[in-house]
Amino acid sequence: MDPASVGGSAIDPNSVNEPSSGFVIASATPPTVSQQGGAGESSSSPATPSRYESQKRRDWNTFLQYLKNHKPPLTLARCSGAHVIEFLKYLDQFGKTKVHITGCPYFGHPNPPAPCSCPLKQAWGSLDALIGRLRAAYEENGGRPESNPFAARAVRIYLREVREAQAKARGIPYEKKKRKRSTVTAIAVGVNVSVAAAQAVDDGAGSGGGGDDTAGGTATNVGTTTAAGATTTNV
């Protein structure tokens, strides 16, 4: 595929940028829709879409334009994971992330002391976020999950290879964030020994048991209750 044939007036390279928070592809601002309210003729604007929804819409429109400008033109129904990978490679020419080549003296250096002639590409994180939005947009626009080209195994493998290659070239490992379990444990310890002892004595007397069982009743009735597990451990 000829990149120049895709990057024409329909997809303006100057409007494609790569912020740190995710991948941005420019498109038209969504139109404002007004609703007429009967005799009062009152109009109200719908809720403003979130930044994520607006970005997802722009990404989707840009991908459709990419398919239209493809030589030969492609329809969404014929789009496969291989075409998605072509799209990602095409976007590299608009990237702003320095990815050092193997022969560069700064290969694997996270903070190069001087500039070099290595190419600029799309960062792995931007591509990964872009694929996530396109995968969701495909199904929202009537696509079937089982035929979603953005969820193809080839696309996942490609993204993993990009992540590993950029981690080595840039000296910045991409570590998967570990989810912290929000287990707030509230420990309620029976500190009122006198109440537990009295209860133990009453239980012993009611059951007809004699002897000095106060100490035993106290020891067995002071429990540690863990709210997270909803269990009681007898000491």
Side-chain angles (χ1 to χ4, degrees), residues 1-8 10-27 50-63 65-67 69-70 79-138 148-182:
M1 175 186 60
D2 183 8
S5 64
V6 184
I11 302 179
D12 184 7
N14 297 325
S15 64
V16 179
N17 51 30
E18 181 190 359
S20 57
S21 61
F23 187 86
V24 176
I25 304 176
S27 180
S50 65
R51 182 179 180 182
Y52 170 80
E53 292 297 330
S54 299
Q55 186 64 65
K56 182 171 59 176
R57 183 181 304 173
R58 289 193 295 268
D59 294 341
W60 180 247
N61 291 336
T62 302
F63 182 75
Q65 190 65 47
Y66 171 83
L67 295 181
N69 292 348
H70 192 278
C79 181
S80 65
H83 297 118
V84 174
I85 295 175
E86 287 182 4
F87 176 64
L88 297 180
K89 291 181 178 179
Y90 160 77
L91 293 177
D92 271 338
Q93 61 184 307
F94 310 122
K96 297 181 180 180
T97 299
K98 178 77 69 174
V99 180
H100 303 288
I101 61 177
T102 306
C104 179
Y106 304 134
F107 182 86
H109 199 299
N111 298 306
C116 62
S117 58
C118 292
L120 297 176
K121 295 185 177 182
Q122 297 289 345
W124 165 80
S126 299
L127 295 179
D128 186 62
L130 171 65
I131 288 299
R133 292 191 295 269
L134 291 175
R135 183 172 61 243
Y138 177 85
N148 193 330
F150 304 99
R153 183 172 180 270
V155 176
R156 295 196 301 269
I157 293 176
Y158 175 78
L159 289 176
R160 184 171 64 245
E161 292 175 347
V162 170
R163 180 187 63 187
E164 294 173 354
Q166 290 192 6
K168 293 179 181 179
R170 302 177 62 201
I172 304 176
Y174 294 99
E175 297 180 357
K176 188 176 182 180
K177 295 182 180 180
K178 296 181 179 179
R179 294 183 179 179
K180 295 182 180 180
R181 295 182 178 180
S182 57

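Hydrogens, waters and symmetry mates play no part in the numbers below; they use all other heavy atoms, side chains included.
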Handout entry: 4.5 Å side-chain heavy-atom contact, Leu91 and Leu130
Key = yes
Practice task
Taking only Lys NZ, Arg NE, NH1 and NH2, and the carboxylate oxygens of Asp or Glu, determine whether Lys89 and Glu86 approach each other closer than 4.0 Å.
Solution key: no
Handout entry: Distance-minimising heavy-atom pair for Phe87 and Leu134
Key = CE2-CD1, 4.1 Å
Handout entry: Any donor-acceptor N or O pair under 3.5 Å, side chains Gln55, Asp59
Key = yes
Practice task
Please examine the side chains of Arg57 and Ser54, heavy atoms only from C-beta on, and report whether any two atoms are closer than 4.5 Å.
Solution key: no
Handout entry: Any donor-acceptor N/O pair, Trp124 side chain to Leu159 backbone, under 3.5 Å
Key = yes
Exercise for the section: Go through the steps to decide whether Phe63 and Cys79 satisfy the test side-chain contact (heavy atoms from CB on, under 4.5 Å), and finish with yes or no. Expected result: CA-CA 11 Å; Phe63 182 75; Cys79 181; 3.6 Å; yes
Problem - Side chain Arg170, main chain His100, donor-acceptor under 3.5 Å - result: no
Practice task
Say whether, by atom type as modelled, one donor and one acceptor occur between the side chain of Gln93 and the main chain of Tyr90 under 3.5 angstrom.
Solution key: yes
Handout entry: Backbone N/O of Ile172 and side chain of Gln166: donor-acceptor pair under 3.5 Å
Key = no
Practice task
Look at the side chain of Lys98 and the backbone N and O of Pro115, then say whether any donor-acceptor pair between them is shorter than 3.5 Å.
Solution key: no
Exercise for the section: Could you tell me whether the side chain of Cys118 reaches within less than 4.5 Å of the side chain of Tyr106, counting heavy atoms only? Expected result: no
